[in-house]
Amino acid sequence: ANKATMLDTQRLNSSSILDRYLANLSVEVEPFALCLLESGWRLTLPGPPCAMLHFVVRGDGWLSCPDGSHTQIGPNWLIVIPAGTVHSLETPEQFEHELKIDCTPTGPPVHHIVAGESPAEMVVGCGTLNVRYGEAVGLFDHLADVLVVDLSSVPEVPALFQSLIQEQTSGAPGTPVLQGAIMTQLMIHMLRALAAQSDSNLAWLNALDDPRLARAIDQILENPFAPHTVESLAESVNMSRSAFARHFQDAFYNSPMKLVNQVRLERAARMLNSSTLPVERIAQRCGFSSRSHFSKAFKRHTGLSPAEYRSH
């Protein structure tokens with residue numbers, strides 16, 4: 001009975017962690033391209049500048065990487081490629097022809113990359129994406145290995161991807177927002193599947209299982225403008241400064257105060273877009289000691305000055 005109670009508690013904790021993550025999920029998706037492969041072809045794609053998502057629309061095949069990994073994939077599988085990873089898609093038969101792409105094209109409205117001729121044996125949707133937790137922690141920023149998730153048992157998934165492509169084709173007002181909403185649903189299904197695995201390859205997501213780190217992240221997200229220090233955050237979760245800083249860095253690939261600063265700057269960017277407040281006033285609200293300090297930090301973070309960002 002005690003063992004069953006412990007398992008139930010673990011399931012509840014896992015559900016709570018996933019709910020916390022999903023409540024703070026932010027997804028941006030770039031236009032998709034469709035890769036069409038004839039039987040006996042290999043399509044080699046360049047290492048993307050940020051994480052790239054592949055969704056297998058039709059057909060079985062293989063995903064190969066320079067490290068020698070060779071992973072079988074099938075319809076309704078979701079694959080996330082880490083930034084900078086050159087990779088190849090192959091049909092099941094031994095390939096006799098290869099098409100190498102130096103840079104992945106995008107729409108409008110949906111670009112087609114064709115390896116071989118029609119009919120295509122395998123069709124894969126490809127696009128870069130930015131998935132963030134609390135506007136600052138990138139889900140795939142430090143992904144070391146290719147992430148492969150079988151979503152063929154989720155009946156909603158094929159229709160979601162088709163609606164993503166249709167929305168991109170339509171070019172109607174609000175398309176980026178709606179595409180982000182659709183992709184968020186796909187990410188939720190992916191994260192549910194990963195939560196059921198013992199090792200998801202997303203170290204920082206697993207780190208939210210530590211209630212101390214989770215409480216610290218919650219404090220930063222709920223009130224980023226408070227006068228946080230490493231000492232105050234460590235004390236609030238009953239950890240020593242050194243242990244807290246070390247665990248935080250290991251989990252989130254960032255120091256606590258750098259994350260605080262990132263969240264503040266993301267909130268500042270939102271204020272610049274949604275209000276007419278003077279830049280100096282936004283700097284004060286976001287916890288910066290001066291406009292010049294804020295402007296320098298903001299430009300390092302976004303590549304634009306606050307004024308340029310507002311008019312962009």
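Hydrogens, waters and symmetry mates are skipped; everything else that's a heavy atom, side chains included, is used.
- In this structure, the side chain of Gln249 does not engage the main chain of Arg246 through any donor-acceptor pair within 3.5 Å.
- In this structure, Arg58 contributes its side chain and Val123 its backbone to no donor-acceptor pair below 3.5 Å.
- Crowding of Glu280 atom CD: a count of heavy atoms from other residues, nucleotides or ligands under 6.0 Å not exceeding 12.
- When side chains are defined from C-beta on, Leu272 counts as touching Val279, because their heavy atoms get closer than 4.5 Å.
- Counting heavy atoms from C-beta outward, Leu186 and Thr184 have side chains that stay 4.5 Å or more apart.
- Put simply, the side chain of Glu38 never gets that close to the backbone of Ala120: no donor and acceptor are under 3.5 Å apart.
- Scanning both residues, Phe244 and Ala216, for their nearest heavy atoms gives CE1-CB, 3.7 Å.
- Side-chain contact between Leu36 and Leu34 is present, with at least one heavy-atom pair separated by less than 4.5 Å.
- Considering only heavy atoms from C-beta on, Gln262 comes within 4.5 Å of His301 through its side chain.
- Tracing side-chain contacts under 4.5 Å through hydrophobic residues (I, L, V, M, F, W, Y), one never reaches Met271 starting from Val260; they form parts of separate clusters.
- Under the 4.5 Å side-chain heavy-atom criterion for Ile, Leu, Val, Met, Phe, Trp and Tyr, Val114 and Phe95 are members of distinct hydrophobic clusters.
- For the residue pair Glu93/Ser39, the side-chain donor-acceptor check at 3.5 Å is satisfied.
- The main-chain N or O of Arg285 is never found under 3.5 Å from a side-chain atom of Arg267 such that the two would form a donor-acceptor pair.
- Val157 is connected to Leu178 through a chain of hydrophobic side-chain contacts under 4.5 Å among Ile, Leu, Val, Met, Phe, Trp and Tyr, so both are in one cluster.
- Between Phe298 and Tyr309, the ring-plane angle classifies as perpendicular under the 30° and 60° cut-offs.
- Note: the hydrophobic cluster containing Phe55 does not contain Trp62 (ILVMFWY, side chain heavy atoms under 4.5 Å, direct or indirect links).
- Val177 and Leu164 are not part of a single hydrophobic cluster, where members link through side-chain heavy atoms under 4.5 Å apart.
- Counting heavy atoms from C-beta outward, Val124 and Val57 have side chains that stay 4.5 Å or more apart.
- Within the 4.5 Å cutoff, the side chain of Arg291 has no heavy atoms near those of the Gln284 side chain.
- Using a 4.5 Å cut-off on side-chain heavy atoms (C-beta onward), Leu63 and Ser69 make no contact.
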Side-chain donor/acceptor pairs under 3.5 Å, residues 70-89, sequence neighbours excluded:
from: His70; atom 1: ND1; to: Ser64; atom 2: OG; distance (Å): 2.5
from: Trp77; atom 1: NE1; to: Asp150; atom 2: OD1; distance (Å): 3.2
from: Thr85; atom 1: OG1; to: Pro82; atom 2: O; distance (Å): 3.2
from: His87; atom 1: ND1; to: Thr85; atom 2: O; distance (Å): 2.9
from: His87; atom 1: NE2; to: His54; atom 2: NE2; distance (Å): 2.8
from: Ser88; atom 1: OG; to: Thr44; atom 2: OG1; distance (Å): 2.8

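- Counting heavy atoms from C-beta outward, Met183 and Leu53 have side chains that approach closer than 4.5 Å.
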